[in-house]
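Both backbone and side-chain heavy atoms feed into the values below; hydrogens, waters and symmetry mates do not.
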Amino acid sequence: MTSTAPLTAFEIHLAHAIDDDANYQWRIARRPDGNVRPDDFEWHTTDIREPGEGEVLLRTHYLGLAPVMRFYMQGTARTGDGTLSPGDVIHGRGVAQVVKSRHPDWREGEIVQGQMGWQTYKVSAMTPQEKFFRMPRNDLPAALGAGVLGMTGLSAHAGLFACGSPQEGDRMVLSGAAKRGRFHSQPDCCQCCGLRCGRHSRRA
């Protein structure tokens, strides 16, 4: 039997290939009411803009996913970012490569992580508000810039060591959210225990 239900944004996206001839974006179709649904997203295609003086063109390699993105879509995030409205590109941090540069401080070929949004390309002036950082030159996968080597890991490191100041004999308790945040290191002086919640809860 053939379904007559309307196609969702995700099903429409699956029918099209992503190439380097356009900028493909996920935009807010409507503000989510509770958990996000497929109809809250809009698949949009636009031209790749040339960077102006003092700007770079970035090509996305990896995007990070975080619960805060639902709050971006709802317009209730308390992160200091501008409020998003239906039709806007969804906020999100990611790892990208500078493919064209007219900025004196950024070279073509550099790998960066920062506020890319859910799109395949972005023209940016690399402002402090976008929080772009160069990825270190090492043998680690660049994808880690969307997690432990990105804002998630920096927030966890600063929260524990700069604010928590763990001392010998302390016991560190990790919530399930913190563990999913990919912060796996712990100071040698601390004992560590974890919390889980949900239908299949058990002591970690």
Side-chain angles (χ1 to χ4, degrees), residues 18-28 41-73 75-85 87-165 178 181-185:
I18 295 178
D19 53 38
D20 290 329
D21 296 330
N23 185 19
Y24 298 92
Q25 303 172 330
W26 281 115
R27 297 187 177 188
I28 302 173
F41 299 86
E42 175 190 351
W43 180 247
H44 187 81
T45 304
T46 186
D47 293 335
I48 301 172
R49 187 166 69 84
E50 288 293 321
E53 191 66 32
E55 294 180 327
V56 303
L57 175 63
L58 300 165
R59 180 171 60 198
T60 302
H61 286 283
Y62 303 98
L63 285 176
L65 299 177
V68 72
M69 292 176 178
R70 177 165 64 95
F71 299 112
Y72 287 146
M73 297 176 68
T76 59
R78 299 179 180 272
T79 60
D81 298 301
T83 301
L84 297 180
S85 301
D88 289 338
V89 176
I90 299 170
H91 276 180
R93 299 186 65 80
V95 178
Q97 185 173 19
V98 179
V99 292
K100 291 184 181 180
S101 178
R102 299 186 63 189
H103 194 297
D105 299 329
W106 300 89
R107 300 189 306 274
E108 293 179 4
E110 288 187 305
I111 304 295
V112 302
Q113 59 96 355
Q115 180 58 265
M116 283 298 300
W118 284 18
Q119 56 188 342
T120 54
Y121 285 91
K122 179 180 181 177
V123 171
S124 171
M126 308 300 274
T127 62
Q129 292 77 16
E130 295 168 292
K131 300 181 179 67
F132 278 108
F133 301 96
R134 289 178 175 86
M135 289 291 297
R137 293 181 175 273
N138 51 35
D139 294 329
L140 297 175
L144 294 178
V148 70
L149 293 182
M151 193 58 67
T152 302
L154 290 173
S155 298
H157 189 277
L160 178 60
F161 293 103
C163 300
S165 301
R182 296 180 289 276
F183 182 69
H184 300 301
S185 65

Look up atom [atom1] in [X] and atom [atom2] in [Y], then write down how far apart they are to the nearest 0.5 Å.
X     : Y      : atom1 : atom2 : answer
Glu55 : Lys100 : CD    : NZ    : 12.5 Å
Leu84 : Met73  : CG    : CE    : 9.0 Å
Trp43 : Arg27  : CH2   : CZ    : 11.5 Å
Gln25 : Lys122 : CD    : NZ    : 11.0 Å

Could you pull out the closest heavy-atom pair between [X] and [Y], with the gap in Å?
X      : Y      : value
Pro51  : Val123 : CA-CG1, 4.0 Å
Glu108 : Ser101 : OE2-N, 3.3 Å
Asp105 : Glu110 : O-OE1, 4.4 Å
Ile28  : Glu42  : O-OE1, 4.2 Å

Check whether any side-chain heavy atom of [X] sits under 4.5 Å from a side-chain heavy atom of [Y], and report yes or no.
X      : Y      : result
Trp106 : Arg134 : yes
His44  : Val89  : no
Leu58  : Met126 : yes

Any donor and acceptor pair, going by atom type alone, linking the side chain of [X] with main-chain N or O of [Y] inside 3.5 Å?
X      : Y      : answer
Lys131 : Arg93  : no
Asn23  : Thr120 : yes
Thr60  : Gln119 : yes

Aromatic ring pairing Trp118/Phe41, orientation class (parallel under 30°, perpendicular over 60°, tilted between):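 Judged by the thresholds at 30° and 60°, the geometry between Trp118 and Phe41 is parallel.
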Specify whether Tyr72 and His91 have parallel, tilted or perpendicular ring planes, treating 30° as the upper limit for parallel and 60° as the lower limit for perpendicular.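 Because their plane-to-plane angle is over 60°, the rings of Tyr72 and His91 count as perpendicular.
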For Arg107, does the CZ atom have more than 12 heavy-atom neighbours from other residues, nucleotides or ligands under 6.0 Å away?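 Result for CZ/Arg107: open.
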With sequence neighbours left out, write down each residue that passes side-chain hydrogen bond (donor to acceptor under 3.5 Å, both in side chains) with His103, or none if nothing qualifies.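 Result, side-chain hydrogen bond (donor to acceptor under 3.5 Å, both in side chains) vs His103: none returned.
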Under 4.0 Å between a Lys/Arg side-chain N and an Asp/Glu carboxylate O for Glu53 and Arg102?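 Between Arg102 and Glu53 there is a salt bridge, with a charged N closer than 4.0 Å to a carboxylate O.
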